[in-house]
Amino acid sequence: MTYVVTSKLNGFQLDVKGRVQGIGFRPFVFRLATSLGLCGSVKNTAVSVEIKLNADLSLVEHFSQLLIQQCPRPGFIESITREPHQFLVQPNGFSILPSLSEGEECTLSFPPDLAICPACIQELINPTDRRYQYPLINCTQCGPRYTIIHDIPYDRTHTSMAAFPMCVDCQTEYNNPLSRRFHAEPICCSTCGPAIWFQQNTKPREEGKTRRTISDSLKICVEQLIQGKIIAIKGIGGFHLVCDATNESTIRLLRTRKQRPSKPLAIMFKDRQHIHSYFSCTSNVMQQCLKLLESKPAPIVLLSKTYLTQALPAEIAPRQHLLGVMLAYSPLHWLLLDSIKKPLIMTSANPPGEPICITNNLALQQLKPFADGWLLHDRNINHRCDDSVINIINNKPQLIRRARGFVPDSLPIPDQLEHGLLKEKYLLALGADLKNCFGITIGANALLSSYQGDLANSACLQAMQQNLKEMQTLLKLPENSLQAVVVDSHPDYYSSHFGRKIAEKYQTPIIQVQHHHAHFASCLFENQVLPDQPVLGIIFDGLGFGDDGTFWGGEFLLGDYASVQRVANLKPFPLLGGDKANKQPWRNLIALLAQSDCLQQTKNILTTQNIAQEEINTLLKLSHRFPLSSSVGRLFDAVAALLNIVPYEQTFEGEAAMQLEALASYYKGQATPTELFKIIPQHKRLLLDSSPLWYFLIEQLNNKEKKTKLAFIFLNSFVEGVFQTIISLQQQGKQFHSIALSGGVFQNAFLLSTLQNKLESEGFTVYTPQQIPCNDSGIALGQIAVALAQTEIKNNGHLCA
Ligand SMILES: [Zn+2]
Ligand SMILES: [Zn+2]
């Protein structure tokens, strides 16, 4: 008799890895298993979803096939491992078991936040539905995830929703396999869920929380927005300052209060139809944009103003050709837009330079100078997560800011590099200071943190340190299992200091990676390139500390993950006034004009820009004392200064470069490429010298040539100069077929697309950044790649394939 019992108890255990938590995966498994008449169970573990099936092999194989084919989006299955399993008791039916936290390593991909789904919107507007107009409605397909989680596995008890016990109705839905909220962890309704209330800036705290209903609070908020007030609204990853996007004077008020004279502001529309009433959407590019806008991460997408069919105030993005647009991604946003029937300005709510507010208390204190009122709720945000930003360049989306909707998704480490990881250890990379993001390896993947801001601001530095600690806790990565800490080679970066402190404390090696090498490696990493011969990295950015102690930023690097050789660069010039030269574009103009010996010809031009001759003379006299830089970012600043399209001091980082791109994009004519750069061999390198450019521009300005045309010619000639440098390198005998483009300057769509097209038409393979920002926020992944390659070589003498 024994064998009969055994066979009835036989079965298999499947361990499913990938993004399989927080997307309705267990309910999906439940439905699939019951539809096939299978008995067994499913549960989340810290590292996978574990499925036990009381079935024979062929049925289990069939089940696995369907699992992969029908996995609910935005989930995906990375791997399914299978082993025989002996049940102690024969299962009667299929069940979802409570989670068990276990496992030493954490390789689980837990989900980012998901934009509201169509089914929830239908309930939101249905007066007979019990969640009618409830602003925190969600289901297994939508709602907050990463921002409310504080531990894994992803279960309600490990989220901010643990504070809200389910009512009977919600509990019934949660337990019902036929409900679309079956095991929806953040499930709630107006009876059991978080409260929403409005608070006026003038009234004492907490007033109104108990007196007003949710719908009254929303009504007051909408009335205030219509009246032109600025309201701080708690979103998914933080607070926004919100106002009517059609009201020019309110936008001006917002700019004054935030001391943000011209940095572009993002606009939120309700849905596709709402976009249609402002933009012509027939072009392929706009169709691609709409798809991105409606995707689960619901990022800000940069749309060209040329598609506008109904005017919006110029104040939203003065002198820019792009508008940052997003769709309502939370039910709260959706309800506000549905009732106000106008687009809304949504900008991160923070004191200048500080991290975005996430707690009610801080928002009430810190946003007092900016907001006329607050729309609050008491579902805690555990992780700060700014809106992500995407630009479409050459028909491909490029992430400029990677945060909400993308974090904490990780990227696979290219196979070859993976060998550099020691067993049960992990790497921590601290990125750069400006636009900081840190990176962590989790098993064979690397995770890039959300956007942490500029670490020179002490609040951002503190927030980053806090975020890192939370991430280590969440991923169950103790500091004592660190393999190494990777930092930028800049001796004075806050991130480098912090990294050294951690390394010292845990007696862990510290690995320094040169800034532009990290940019280069980050581009190769995300493109999963395993080079078998050197790749040319063209890395253009603001500034990074170079191996020779000067500041680099216009670099041609030949090599791979492990090492690079600097084979060419923009001819260095002094940063007049040191750090001030990063903020005041005219200082770089003076430096470059002096270098090219044409300062005399520009006296008139400079006088009209209020740059005193005396100041120029003093700076030039001291020029040998200032650090040298080969920065393309500063070259662009100088051109913008000569064209007089930027203020004396930039009001935000990248302003000059953005103005230049906008101007060039407005030019609709043709221009023959002109040789405005010359290539000078020096020692073992090539220098790209901009002297001819200045003579040309001065002459054209004196001839009153249009600035749009000059910006257009400049960008095209620069591309030509870059191309000629590449040809010269090949003539010198340098061998390469592939080119990687990275660094913040490549956020310039005009530059990236022109250069990429040119290089591809000449037969080169070109790698460009897409999922990982090309600016400094993508550097941490490059640091990880370089550290892994160097470790592997140290251990084995070479990179193992
Ligand atoms: Zn939903
Ligand atoms: Zn409820």
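Every number for a ligand or one of its atoms is a count from 1 in the order of the listing. Because the structure is a prediction, the values reported are computed rather than measured.
To the nearest 10 degrees, the angle centred on the Zn ion (ligand 1) between SG in C139 and SG in C120 reads 110°. Seen from the Zn ion (ligand 2), atom SG of C189 and atom SG of C167 lie 100° apart in angle, a value rounded to 10°. Vertex the Zn ion (ligand 1); arms to C117 SG and C142 SG; angle rounded to 10 degrees, 110°. Vertex the Zn ion (ligand 2); arms to C170 atom SG and C192 atom SG; angle 110° (nearest 10°).
Every residue meeting the side-chain contact (heavy atoms from CB on, under 4.5 Å) condition with I356, not counting sequence neighbours, appears here in chain and number order: S348, R384, D386. Residues that satisfy the side-chain contact (heavy atoms from CB on, under 4.5 Å) test with T473, not counting sequence neighbours, are absent from this structure.
With hydrogens and angles ignored, the 3.5 Å screen pairs a side-chain donor or acceptor of R156 with a backbone N or O of F164. Q310 places no side-chain N or O within donor-acceptor distance of the main-chain N or O of Y278, the cut-off being under 3.5 Å.
Below 30°, between 30° and 60°, or above 60°: for F30 and F94 the angle between ring planes is above 60°, a perpendicular geometry.
Inclusion of C188 in the first shell of the Zn ion (ligand 2) is not supported: no N, O or S atom falls under 2.8 Å.
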